[in-house]
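Reminder, nothing fancy here: chain letters follow the sequence lines and each chain counts from 1. For the numbers below, each heavy atom of this structure counts, side chains included, while hydrogens, waters and symmetry mates do not.
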Amino acid sequence: MIIDCHTHLTFRKSDPSNSELLRLIKVMERTGVDKVCLVPFPEVPGNYFFWTGEDTISTAEALVNVTSQYPDKFYTLLWLNPTLHNSINIKLIEKYIVNGPLNGVKLHIQMNARDKRMESLADALQAYDIPLLFHAWYKTVQKYEYESDASDIADLATRFPKLRILMAHLTGCGKRGVQDIKKHQNVLIDTSGSQPEDGFLEYAIGQLGEERVLFGSDFAGREMATQLGRIFSVDMDDLVREKILSKNAISFFRKGGGCI
Amino acid sequence: MNQPGKEGNHINHIINYVDMPLFCPEKIIDCSTWAGNWAFYYLKYGKLELLKERLEKYNIVKAYVSPIETILEQEPMRANVSLFEKIDKINSLTIGRHKSRYFSPVPVIDLSFNNWEEIIDLSVKRNDVKIVKLMPNYHMYDLTEENLEKLVSYTMKHNLIISIQIRIEDARRHHPLMKVKDVDIIKTVKVLSQFPQQKFIISNGYLNDVQQALYYLDNAYADISSAETQDVLSLLSEKYNAERLLFSTHSAFYYPEGNVFKLAYSGLDKKSIDKVSYENACELGL
């Protein structure tokens, strides 16, 4: 079984038949990927980095439909904007994840992981034992103002040691990023990010262990097949490959039974 | 295309795991690879022998290779000559097996350095140099009609293709002490358009670079090594047809599986896959 833990698409109001979703399913079938973790971009006019609670609800409702239509094909993440008031985000978490079908939360670049305002959201995720996919990248150029790097994720992990974090973009975070999170057992890493550069997967497995590395493609900006090739670019035991391709994801995307 | 499994245990192993047919082309020509050492991180397959072994797993029957040290050394002659020698050695050991030389050298020319003609002369004396490569960003000069004109007079005379290397690695991941801008594709297209008789390869371009080149230039080919988006090969084939797409892994910087999988799972028909995997390269004389 193959699970891609980092896949994007946009639900567009102008596309009620969800043609992007159907294209994604075709790509999955062609590539042999059985299940993906869907992280939809909210469709917003103007500055896409700062969407409203209504935008989040609209995307969440689309995800609810997807999970009912394809119950075995997708994990689904609620992409939250942490600059919104925490009461809004926590209500959304309770409605769509704790009491709904979605699996977890995605955070991107709206607020850095070190920001103290993040704490009540992190607190809730930790208490509910909800998986969190958090974007991270060490960038020499083109860095966004509030974008987190791996040291920021490590800082969050220190303050919330039971918060289950999947740090995105192994190739973006690089070897420095792997070392940043190494001692934080609550942080896993996905293999996505950048071009099909050699050497990083082998390093991550060696440093973090096979239990903490998950296959992710960052589709549709990236080609799913190209990114899948990364998992076959390293010699490893089939049992190890199975963990990276599916077992670790199955374990990570479970929802806990915690409560606040 | 072969139903892989016949070709070797490695592909067979992937098929068994993915549980999907991997229609690995039976023959691939890799138009851009690199051998040597990179200053910023260790390349496990940077040695020619290891690179060859890795590429052969995927039916790559021939590879065009450039010396990595030419990127940063003060002048590229030493590394070009060193690669020539290494290629001669490895080819002499394997020539019987492949019926032809496995590696063809792609010397790097620095147009800002006054000995670049010597490198062309050395290359021409060999019968296996088909491409020369330019890296205006790392070698810190602008590609202009003036400096390209002289090179083109040589390359046209000797039937050489010119590769323009747009980048080596994602600029976001450059070492902070060494930020190198990508080669500007718009300026490049403008200059190349002045030489319609000369064949060019746009190497390691992102999707936008590839599209600009294929749209504006009839005499440019593009390698697929860094072109990525959903169904990228179908997109490029539909918009510009597959005639000017060339397979490349950009190994040893990239793992070859990335571009082998890109092609094998592209959904293109066999005819188009054959074009990208080797026919277009053969048409170019590679």
inquiry  = Between A:W137 and B:R173, is the side-chain contact (heavy atoms from CB on, under 4.5 Å) condition met? List the steps.
reply    = CA-CA 9 Å; A:W137 203 295; B:R173 291 196 50 263; 4.2 Å; yes

Would you confirm whether [X], through its side chain, and [Y], through its main-chain N or O, come within 3.5 Å as a donor-acceptor pair?
X      : Y      : result
B:T229 : A:A220 : yes
B:R172 : A:K139 : no
B:R54  : A:S233 : yes
B:E228 : A:E223 : yes
A:T140 : B:H174 : yes

task = Identify the heavy atoms of A:P196 and B:G258 that sit nearest to each other, and give their distance.
result =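 Heavy atoms of A:P196 and B:G258 come nearest at CB-CA, 4.4 Å.
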
key: Which atom of B:F261 lies closest to which atom of A:T226, heavy atoms considered   =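 The pair with the smallest heavy-atom distance is CB-N, 4.5 Å.
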
Take a 6.0 Å sphere around [atom1] of [X] and say whether it holds more than 12 heavy atoms from other residues, nucleotides or ligands.
X      : atom1 : value
B:K86  : NZ    : no
A:Y146 : OH    : no
A:K175 : NZ    : yes
A:Y144 : OH    : no
B:E53  : CD    : no

Max heavy-atom pair count under 4.5 Å with chain A, selected residue of [options]:
options                        : result
B:S251, B:S226, B:A252, B:P176 : B:S226
B:N259, B:D170, B:D231         : B:D231
B:K179, B:Q230, B:K262         : B:Q230

key: Proximity of residues 206-215 of chain A to chain B, residues having a non-hydrogen atom under 4.5 angstrom   =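 Near chain B, by residue number: none.
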
query = chain B: which of A:K143, A:R222, A:M224 shares the most heavy-atom pairs with it under 4.5 Å?
reply =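 The option with the most such pairs is A:R222.
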
Those residues that, when tested against B:D142, pass salt bridge (Lys or Arg N to Asp or Glu O under 4.0 Å) (two or more places apart) =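 With sequence neighbours excluded, B:D142 shows a salt bridge (Lys or Arg N to Asp or Glu O under 4.0 Å) to no residue whatsoever.
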
Pairwise distance OH(B:Y265) to CG(A:L228) - rounded to 0.5 angstrom =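 Between B:Y265 OH and A:L228 CG, I get 6.5 Å after rounding to 0.5 Å.
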
task = Mind checking the CD-CD spacing from B:E169 to A:Q195? Nearest 0.5 Å is all I need.
result =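 So the CD of B:E169 and the CD of A:Q195 are separated by 11.0 Å.
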
key: Toward chain A: residues of residues 34-47 of chain B with heavy atoms under 4.5 Å   =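 Contacts with chain A: B:Y41, B:K44, B:Y45.
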
Structural part of [X] lying under 4.5 Å from a heavy atom of chain B:
X      : value
A:V141 : both
A:Y203 : neither
A:E197 : both
A:E202 : side chain
A:Y138 : backbone

key: Proximity breakdown for B:T249 and chain A, heavy-atom pairs closer than 4.5 Å   =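 Answer is neither: B:T249 stays 4.5 Å or more from chain A.
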
query = Quick one: what part of B:H250 sits under 4.5 Å from any heavy atom of chain A, side chain, backbone, both or neither?
reply =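 Contact with chain A: none, neither part.
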
Pairs touching residues 2-25 of chain A that satisfy ring-ring contact (aromatic ring centres under 6.0 Å, His included), sequence neighbours left out =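 For residues 2-25 of chain A, and leaving out neighbouring residues, the ring-ring contact (aromatic ring centres under 6.0 Å, His included) pairs sorted by first residue read A:H6-A:H8, A:H6-A:H169, A:H8-A:F41, A:H8-A:W79.
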
